[in-house]
Amino acid sequence: MSGGSVLPEDARNRFRNSAEMNALAAVSWLIARRVGFPVASDPARIRWSELGPEFPQALRAHGVVTLAVESPDFDRLPDGLSQRTRAMAADEMLRSMRRCAVQRKVMDTLAVHGVEALALKGLAFSAVAYGNWSSRGTAADLDLLVPHDQVGLAESTFGGLGIGPRGGIPLAPLSGALGRYALWLHYERAYGSDRYGHVDLHWRPLPGNASWNSYLSCSRSRRQVSLPGMDVWTLGPVETILVAWSHGESESWRRLKRLADLWVAWGQASDEQRSAAMSMTRFLRQSIELMPERWAGIGSERERRIRVVDSNIALWRMRAGSGSVASAALRAGLGKGLPAKRISDWLSR
């Protein structure tokens with residue numbers, strides 16, 4: 001056949017899958033070395049010289065571009081691939097700096113209007129967990145936690161900045177009985193604009209009804225971190241573990257970023273803080289115990305089969321893990337059948 005031999009389709013698939021698995025093995029090793037996770041694998045079995053475009057694809061898919069660059073084994077990469085990865089990390093840093101400018105503007109404006117806010121997740125989490133605000137790359141959303149009685153004021157402040165309900169879909173009003181129902185049933189609202197991107201406003205970090213799951217409780221252990229051009233208050237060590245756990249649950253632990261986040265948050269906590277975190281959610285101990293298995297299973301056929309989890313199941317575990325089972329069941333049923341937005345639509349007809 002002219003132009004050289006052509007591999008059969010099944011052989012091409014095996015070659016592609018082999019290249020993908022080799023790339024995932026390399027990414028997994030680099031991130032484990034960056035965060036000090038004891039993976040049971042041998043880096044000599046990774047074909048470093050054969051890494052190709054599957055490697056940056058895996059980095060993006062798992063959200064660990066900058067963490068890979070910071071790995072002590074980053075120099076194992078071929079020169080061309082290491083240069084490309086550094087360029088990707090530099091692009092992430094530029095986008096993160098723009099997100100910092102957005103965060104500064106939004107949080108400063110809230111403060112001027114008397115709204116207290118803690119920074120959840122994102123750049124603040126990166127600063128406290130990894131010691132570097134840019135290590136986790138660019139945050140997709142700006143997540144803020146405010147007192148439940150200041151949600152309406154925060155929402156009107158957003159309006160002054162041109163930040164409205166995401167997708168332009170009106171939200172249920174926060175006044176009266178309907179407002180109280182919305183605050184009880186839900187735990188966040190999604191906003192956005194072309195200028196500021198996505199902004200998620202939380203009055204509980206997680207969806208459950210536990211006493212620790214509130215702005216008031218979280219503010220007692222808050223800590224301050226420095227971001228470019230500003231200092232922000234964020235969660236204390238125990239709540240940081242819980243939020244890292246909830247992120248992993250929401251994605252069925254299919255990304256290395258979520259495993260790494262929980263591992264570093266767990267590693268920074270004292271024994272007392274770890275015990276406190278485990279007493280707050282029934283699922284945390286299991287997540288810590290299963291971490292080696294989940295880390296080793298990244299990219300495996302078994303992991304690919306089980307990672308497609310119904311979002312309602314993930315939300316149920318987050319609700320039950322941050323409150324009582326009875327409350328989780330009630331909220332799950334009402335959230336599915338009678339969300340506040342549906343009631344608001346009925347009343348407006």
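Every heavy atom of this structure was used, including side-chain atoms; hydrogens, water molecules and symmetry mates were not. If you're wondering where the values come from, they're calculated on a predicted model, not measured in any experiment.
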Nearest heavy-atom contact between L123 and Q103 is CD1-OE1, 4.3 Å

Report task. Taking atom CG of D79 as the centre, report whether more than 12 heavy atoms of other residues, nucleotides or ligands fall under 6.0 Å from it. Result -> no

If you apply the rule salt bridge (charged side-chain N to carboxylate O under 4.0 Å, His left out), what do you find for D345 with K341, and how did you get there? CA-CA 6 Å; D345 289 345; K341 177 64 172 60; 2.6 Å; yes

- Message: Working note: D141 + K121, criterion salt bridge (charged side-chain N to carboxylate O under 4.0 Å, His left out); need CA distance, chi angles, decisive distance, verdict.
- Response: CA-CA 9 Å; D141 306 326; K121 314 175 188 178; over 6 Å; no

Heavy-atom donor-acceptor pair, T85 side chain to L81 backbone, under 3.5 Å: yes

Practice prompt. Please confirm whether the backbone N or O of W266 pairs with a side-chain atom of R274, one donor and one acceptor, at under 3.5 Å?
Written response: yes

Here the pair of heavy atoms bringing V325 nearest to W316 is O-CH2, 3.8 Å

Any heavy-atom pair between the side chains of L144 and V106 that's under 4.5 Å? yes

Separation between CG (L67) and CZ (R136), nearest 0.5 Å, reads 8.5 Å

Nearest heavy-atom approach of L178 to A340 is CD1-O, 3.9 Å

| query | Hey, is the main chain of A172 close enough, under 3.5 Å, to the side chain of S344 for a donor-acceptor pair? | reply | no

Using only atom types and a distance under 3.5 Å, with no angle test, would you say the side chain of R342 pairs donor to acceptor with the backbone of P339? no

Could you tell me whether a side-chain N or O of S126 sits under 3.5 Å from a main-chain N or O of N132, the two making a donor and an acceptor? yes

Problem set entry | Exam field: side chain S28 to backbone L24, donor-acceptor pair closer than 3.5 Å | no

For R282 and G321, the nearest pair of non-hydrogen atoms, with its separation, is NH1-N, 4.0 Å

Shortest non-hydrogen pair, P165 vs I169, comes out as CB-O, 3.1 Å

Under the side chain to side chain contact (heavy atoms under 4.5 Å, CB included) criterion, do R86 and Q83 qualify, and how do the steps go?
CA-CA 5 Å; R86 289 186 188 278; Q83 292 172 5; 5.8 Å; no

Please tabulate, for the side chains in residues 283-291, all donor-acceptor contacts under 3.5 angstrom to protein atoms that are two or more places apart in sequence or on a different chain.
from, atom 1, to, atom 2, distance (Å)
Q286, OE1, R317, NH2, 3.2
S287, OG, W245, NE1, 3.3
S287, OG, F283, O, 3.2

> Above 12 or not: heavy atoms from other molecules or residues under 6.0 Å from NE2 of H148?
Replying inline: no

Item to complete: Evaluate side chain to side chain contact (heavy atoms under 4.5 Å, CB included) for F125 paired with T234, printing each intermediate quantity in order.
Response: CA-CA 8 Å; F125 180 95; T234 189; 6.0 Å; no

Please table the atom pairs, donor to acceptor, closer than 3.5 Å between any side-chain atom in residues 201-210 and protein atoms at least two apart or in another chain.
from, atom 1, to, atom 2, distance (Å)
H202, ND1, R204, O, 3.3
H202, NE2, D143, OD1, 3.0
H202, NE2, E188, OE1, 3.1
W203, NE1, L183, O, 2.8
W203, NE1, H186, O, 3.0
R204, NE, G208, O, 3.0
R204, NH1, L183, O, 3.0
R204, NH1, H186, O, 3.3
R204, NH2, W184, O, 3.4
R204, NH2, H186, O, 2.6
R204, NH2, P207, O, 3.4
N209, OD1, S324, N, 3.0
N209, ND2, S327, OG, 3.4

Query - Worked verdict on D42 versus R45 for salt bridge (charged side-chain N to carboxylate O under 4.0 Å, His left out) - result: CA-CA 6 Å; D42 182 2; R45 299 182 64 181; 5.8 Å; no

Any sub-3.5 Å donor-acceptor pair from Q268's side-chain atoms to A129's backbone N or O? yes

Ring pair (Phe, Tyr, Trp, His ring centres under 6.0 Å) filter on F158, not counting sequence neighbours, yields Y191

Given side chains that start at C-beta, do those of R76 and L30 come closer than 4.5 Å, heavy atoms only?
-> no

| said: For a 4.5 angstrom cut-off between non-hydrogen side-chain atoms, does L77 reach F55? | reply: yes

Please lay out, stage by stage, how C100 and W133 fare under the test side chain to side chain contact (heavy atoms under 4.5 Å, CB included).
CA-CA 10 Å; C100 278; W133 59 270; 4.2 Å; yes

Rounding to 0.5 Å, atoms OH (Y130) and OG1 (T66) come to a distance of 11.0 Å

Taking atom CG of L94 as the centre, report whether more than 12 heavy atoms of other residues, nucleotides or ligands fall under 6.0 Å from it.
yes

Hits for ring pair (Phe, Tyr, Trp, His ring centres under 6.0 Å) against W263, two or more places apart or cross-chain, chain-then-number order -> F37

Worksheet item: Counting N and O atoms only, with roles assigned by atom type, does the side chain of S246 sit under 3.5 Å from a partner on the main chain of V243, one being a donor and the other an acceptor?
Response: yes

For residues K257 and H247, determine if any side-chain heavy atom of one lies less than 4.5 Å from a side-chain heavy atom of the other.
-> no

Keeping the roles fixed (side chain from R99, backbone from Y196), state whether a donor-acceptor pair exists under 3.5 Å.
-> yes

ask   = Would you find a donor on one side and an acceptor on the other, under 3.5 Å apart, between the side chain of R104 and the backbone of P228?
value = yes

Query raised in the report: Do I241 and Q273 have side-chain heavy atoms sitting under 4.5 Å apart?
Result: no

Nearest heavy-atom contact between A265 and A244 is CB-CB, 4.4 Å

Show every donor-acceptor pair shorter than 3.5 Å between a side-chain atom in residues 109-119 and any protein atom, with sequence neighbours excluded, or say none if there are none.
from, atom 1, to, atom 2, distance (Å)
T109, OG1, K105, O, 2.7
H113, ND1, T109, O, 2.9
E116, OE1, Y215, OH, 2.9

Applying ring pair (Phe, Tyr, Trp, His ring centres under 6.0 Å) to W233 and not counting sequence neighbours gives none

